[in-house]
Amino acid sequence: MSTDIVITGMAAISAAGVGLDPLRKAVQEGKSLLKPIPPEIAGTDGCLWGKADAFKGGDFMPPLKARKFDRCSLFAVVAAGMALKDAGIDRASMDAERTGIVLGCGFGGIANSEAFLRGYFTSGAEGLSPVLFPNTVPNAPASNASIENGLKGPNVTFVQRFCSAESAVMMACRFLQEGRADVVLAGGVDEVTETMIKGFREVGQLKSHGAGFGEGAGILVLERGDHARSRKAMIKGTVGGIRTIGRLLPGRETEGAEVLLPKDSDTTLVSLSGTAAAEDVFLAHLPTVRRIETGPLIGRSLGMGGLAMAALVLSLEERAAGLHVAASPEGPYYAIRIRGGSPD
């Protein structure tokens, strides 16, 4: 199996703006772009969210066409197209059967699900809208992105708590290693809605695990190294080892951290995603180098790890070693090694 996996393109949509440059600037400046949630939604003052207000689907397609997608699918469709363009992959010439997509998504389709069910509860079966139904599931964004961008290879969606995007990257690497694809778009996409915020408030999570939620999409174009070099692609990074554990067993937290984060003297930059910054046992095992965390800047969510990984690649010097660490409350946990630039 091939272990030569490179990153040839990326895309980002977030509270920082549309494109990679706004994300790079946000990380460099280190200033929070989260905005106050209106008290009538949050039920209190002092709560923040990271809305991607600069993104408008109508800027990338006819408004009438944009209306058929839910917001999360719009993020995915546009970001996938941007990532392919950044990788220098032309839809007309790419091998569609060998090009796939794997995304992590936590709350995709929730807005359409709400609207669809409201129709039923208020008007019965007559109130159900068939137009809304296809976009009521978390795999709608990846499916719509594949249709609109002509991707006919493997297509998978992960809902894996705060590590959904990391799970997607691991699966994408597996497809490439097994020779089931030459190119796979991988990362995460999510949206944040008023109903979600009200739900977090009702279950007492608005100022804990539901705090500072954001929305957007972060996609990496992962490619078999031989395939990328054959088309003379610019290589932005290389994916190294991926380690994951499901749970930290009580009394064996240190053992789990040592498995996930073996000692190394190579890493120069660490990226933290999900609840990793709150996991003291992991922090104690990280190298004493610069750390970046996109959550406080643009918001976090179940699929926002894709943006965190894109930020890491953007921040790495040529051939510098980076480490992306992601965690969810009670698991899972991921450590993904990425080296900047081309390995050649």
Side-chain angles (χ1 to χ4, degrees), residues 1-13 18-21 23-24 60 76-104 141-156 165 168-189 217-242 306-307 309-322 324 336-344:
M1 292 193 303
S2 172
T3 56
D4 182 15
I5 299 173
V6 298
I7 302 166
T8 55
M10 296 185 291
I13 300 171
V18 179
L20 296 172
D21 288 339
L23 178 61
R24 180 187 289 109
F60 300 91
V77 168
V78 173
M82 292 167 57
L84 289 169
K85 182 178 180 180
D86 188 55
I89 297 175
D90 179 52
R91 176 174 177 174
S93 59
M94 74 178 182
D95 187 345
E97 302 286 344
R98 302 281 300 168
T99 307
I101 184 168
V102 187
L103 294 182
S143 297
N144 284 319
S146 66
I147 293 169
E148 294 300 316
N149 290 284
L151 313 178
K152 298 182 180 180
N155 187 320
V156 179
V169 166
M170 185 171 71
M171 177 61 80
C173 289
R174 182 72 176 268
F175 286 144
L176 295 169
Q177 289 171 340
E178 294 177 349
R180 297 173 65 182
D182 295 321
V183 179
V184 181
L185 279 65
V189 59
I219 293 180
L220 309 179
V221 178
L222 304 182
E223 192 167 350
R224 292 171 61 93
D226 56 351
H227 185 270
R229 284 183 279 273
S230 70
R231 64 181 189 87
K232 297 180 173 57
M234 178 180 293
I235 296 176
K236 303 175 184 292
T238 304
V239 180
I242 300 178
L307 282 163
M309 286 182 277
L312 176 62
V313 177
L314 290 171
S315 303
L316 283 171
E317 300 289 340
E318 186 78 14
R319 299 193 181 182
H324 175 76
I336 301 175
R337 297 193 178 276
I338 297 175
R339 190 172 291 274
S342 172
D344 301 328

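Residue Arg224 holds its CZ atom at 13.5 Å from OG1 of Thr8, rounded to the nearest 0.5 Å. Atom NZ of Lys152 and atom CD1 of Ile147 lie 11.0 Å apart (nearest 0.5 Å). Atoms OG1 and CG, on Thr238 and Asp4 in that order, are 7.0 Å from each other to the nearest 0.5 Å.
Smallest separation of non-hydrogen atoms from Ala172 and Val184: CB-CG1, 3.5 Å. Nearest heavy atom pair, residue Leu103 against residue Gly188, reads CD2-N, 4.3 Å. Here the closest heavy-atom approach between residue Gly81 and residue Asn149 is recorded as CA-OD1, 3.3 Å. Of all non-hydrogen atoms in Ala217 and Ala79, the two that sit nearest each other are CB-CB, 3.8 Å. Of all heavy-atom pairs between Gly340 and Leu316, the closest is N-CD1, 3.7 Å. Leu222 and Cys173 make their closest contact through CD1-SG, 4.0 Å (heavy atoms, listed as atom of the first residue, atom of the second, distance).
For Ala165, the side chain to side chain contact (heavy atoms under 4.5 Å, CB included) partners at least two apart in sequence or on another chain are Met309. A search for side chain to side chain donor-acceptor pair (under 3.5 Å) contacts involving Ser146 returns Asn155, not counting sequence neighbours. For Asp21, the salt bridge (charged side-chain N to carboxylate O under 4.0 Å, His left out) partners are Arg24, not counting sequence neighbours. Looking at residues two or more places apart in sequence or on another chain, you find no side chain to side chain contact (heavy atoms under 4.5 Å, CB included) involving Arg319. Legend: residues meeting side chain to side chain contact (heavy atoms under 4.5 Å, CB included) with Ala310, ordered by chain and number and at least two apart, are Met10, Leu23, Leu220. Qualifying side chain to side chain donor-acceptor pair (under 3.5 Å) partners for Arg337, counting only residues two or more places apart in sequence or in other chains: Asp264, Thr267. Take Arg91 and apply the salt bridge (charged side-chain N to carboxylate O under 4.0 Å, His left out) test, not counting sequence neighbours, and it matches no residue. Applying the side chain to side chain contact (heavy atoms under 4.5 Å, CB included) test to Asn144 and every residue at least two apart in sequence or in another chain returns Phe69, Asp70, Ser73, Val77, Asn135, Ala140.
The salt bridge (Lys or Arg N to Asp or Glu O under 4.0 Å) analysis of residues 77-90, with sequence neighbours excluded, yields the pairs Asp86-Lys236.
For the pair Glu318 (side chain) and Ser342 (backbone), a donor-acceptor distance under 3.5 Å is present.
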